[in-house]
Undergrad: 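Okay, handing you the structure first.
Below, chain A is the first sequence line, B the second, and so on; all start at residue 1.
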2 protein chains.
Amino acid sequence: MAIAERKDRESRSRAHDQRERILDAARRIVMREGLAALSMRKIAEAIGYSPASLYIYFEGRDEIAEALGREGYEQLLAQLKPLANIADARERLHAIAHAYVAYGCDHPRTYELIFMAHKERGPRAMRQRALPDAAGAPEEPAKPACGAQLLAATLSGLEQPGGMHADCGLLAQALWAMLHGVVMLTLAPNGFERAAHGPVIDAALDAWFGIRAAPGEPPAVRTPGAGS
Amino acid sequence: MAIAERKDRESRSRAHDQRERILDAARRIVMREGLAALSMRKIAEAIGYSPASLYIYFEGRDEIAEALGREGYEQLLAQLKPLANIADARERLHAIAHAYVAYGCDHPRTYELIFMAHKERGPRAMRQRALPDAAGAPEEPAKPACGAQLLAATLSGLEQPGGMHADCGLLAQALWAMLHGVVMLTLAPNGFERAAHGPVIDAALDAWFGIRAAPGEPPAVRTPGAGS
DNA sequence: GTCTATATACTGATAGAC
DNA sequence: GTCTATCAGTATATAGAC
């Protein structure tokens, strides 16, 4: 049975490589032309395959888009995580907030992927997928956890100056929504008038966490568990 | 020439009626199946026309979608405007904020229309439209003004309690972004974990405009120009 | 595992008859 | 002003040969 085993391992790793090639091609297409322009034909052409062959490695277009979305989400988090080490809580919050919006604005396709990959292409997406869970594949349970966690952790470092905020979790959600909203409005092709987003974010953070609670008092911010 | 004039008037009003019929059908389709499912063929079928005839009244699918988007935006504003008469500024702000999000969540298709109608269908939208402005039609210059105006007006009523916010306009933009973000995250089909939006909005408004600036002091809010 | 060929179902838009 | 017919594409997905 050793031979069968080895063959199985080999085919698995080959399959993994092919999936990677497919995802690479798909990513390039989305970056160049947007999620809406992603199609099995284009991917196949890009890697010199026939469209039919892609279905060996992915269930369909949607699964590919979702995979790219997860990737993008991890990239976004990776961008923010180092900022969690900034010692001063206020600085840290500012840095994370601006970095979040900057990422969204600088990588609109990826941001689109993160938040839109599912619903795309309404009519087809509404057909139920009757497939009863493809055989074999371990099927990761991965759904992206919400970005508000990172924000909530940072916010809890700001609680002191004046018995401030009741519920850090709620405020973190609001903050996240605000940042998401700024990105979406900036990317929206709608002619809605908008100010530059930098000052908007600063104004919001200031009004939320500014040094206004007791005028004259020093900033005095706790900085819990921030290494280095 | 009187006859020609009358004929012209008649044909104009007929054309207007037909446009309305087309928009009605389009609106119904979008409400039922989403913007992505809107197509010229479906509209034509719904009103018993041939697809070709629609091009007499509209330049194409995009123009129809944009018209629906403008409509939706006006409906949203119409929903909010009466709330601008609430005398107490804080109450007014709360009412508007919650109404805004409620509208977005209760009418996801319309909200989609308002903010997405343009970019839809990437590849086709990227083709430049070479048509040199269809003859005759007066061509309204309407682009929706930004919803932040309404918010800014209300915010300026909150400025008093403690020399509060530096720039009302910026804060209004942030507030708008936050509300938009809440709607978008609520509508996103992504499995991002979220709290119910009501408390999130309240927490945000509280932290922004709450009665925390000087503990013990009465609310003391100006209420400028709010009739009745 | 990969291909060709095809089934199926769209799409927006236009020419030209009536 | 409206239609039929059609151009010229798009797409997902699958059957069956090799």
Undergrad: Between D:dA11 atom P and A:Ile43 atom CD1, what is the distance in whole Å?
TA: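 From A:Ile43 CD1 to D:dA11 P: 10 Å.
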
Undergrad: Between atom CZ in A:Arg61 and atom P in D:dT10, what is the gap in whole Å?
TA: 15 Å

Undergrad: Using a strict 4.0 Å threshold on nitrogen-to-oxygen distance, state whether A:Glu33 and A:Lys42 make a salt bridge.
TA: yes

Undergrad: Between C:dG12, D:dA13, D:dA11, spot the one nearest the side chain of B:Tyr55, thanks.
TA: C:dG12

Undergrad: Salt-bridged, B:Arg27 to B:Asp24, with N to O below 4.0 Å?
TA: yes

Undergrad: Between A:Arg19 and A:Glu63 (salt bridge meaning N to carboxylate O under 4.0 Å), is one present in this structure?
TA: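 Result for this pair is yes, salt bridge flagged.
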
Undergrad: Around atom CD of A:Glu45, are there more than 12 heavy atoms from other residues, nucleotides or ligands closer than 6.0 Å?
TA: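 Incorrect, the count does not exceed 12.
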
Undergrad: Mind checking what makes ring-ring contact (aromatic ring centres under 6.0 Å, His included) contact with B:Phe58, not counting sequence neighbours?
TA: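 Partners of B:Phe58 by the ring-ring contact (aromatic ring centres under 6.0 Å, His included) criterion come out as none, since no residue qualifies.
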
Undergrad: Mind checking what makes side-chain contact (heavy atoms from CB on, under 4.5 Å) contact with A:Ser11, not counting sequence neighbours?
TA: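 side-chain contact (heavy atoms from CB on, under 4.5 Å) check on A:Ser11 returns nothing, list empty.
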
Undergrad: Which residues in residues 21-31 of chain A have a heavy atom closer than 4.0 Å to any atom of DNA chain C?
TA: none

Undergrad: A side-chain contact here means heavy atoms from C-beta on lying under 4.5 Å apart; do A:His94 and A:Leu205 qualify?
TA: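 Counting from C-beta outward, A:His94 and A:Leu205 do come under 4.5 Å.
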
Undergrad: May I ask you to check whether A:Tyr111 and A:His180 place their ring centres under 6.0 Å from each other?
TA: yes

Undergrad: Would you call A:Arg6 and A:Glu10 a salt bridge, using N to O less than 4.0 angstrom?
TA: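 Counted as a salt bridge, because a side-chain N and a carboxylate O are separated by less than 4.0 Å.
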
Undergrad: Once Watson-Crick and G-U wobble pairs under 3.5 Å are found, how is DNA chain D written in dot-bracket notation, 5' to 3', with | for any base paired to another strand?
TA: ||||||||||||||||||

Undergrad: Nearest whole Å is fine: how far is C:dG1 C1' from A:Phe58 CZ?
TA: 16 Å

Undergrad: For A:Met40 and D:dT14, what is the distance between atoms CE and P respectively, to the nearest whole Å?
TA: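 Rounding to the nearest Å, CE of A:Met40 and P of D:dT14 are 10 Å apart.
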
Undergrad: Roughly, in whole Å, what's the span from CD in B:Glu63 to P in C:dG12?
TA: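 Result: 14 Å.
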
Undergrad: What one-letter contact string describes nucleotides 2-8 of chain C from 5' to 3', where B marks a base within less than 4.0 Å of any protein heavy atom, S marks contact via sugar-phosphate atoms alone, and - marks no contact?
TA: BBB----

Undergrad: So, using ring-ring contact (aromatic ring centres under 6.0 Å, His included) as the criterion, who are the partners of B:His107 when residues are at least two apart?
TA: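 For B:His107 the ring-ring contact (aromatic ring centres under 6.0 Å, His included) partners, ignoring immediate neighbours, are B:Tyr103.
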
Undergrad: Working to the nearest 0.5 angstrom, can you tell me the gap between A:Tyr49 OH and A:Ile43 CD1?
TA: 13.0 Å

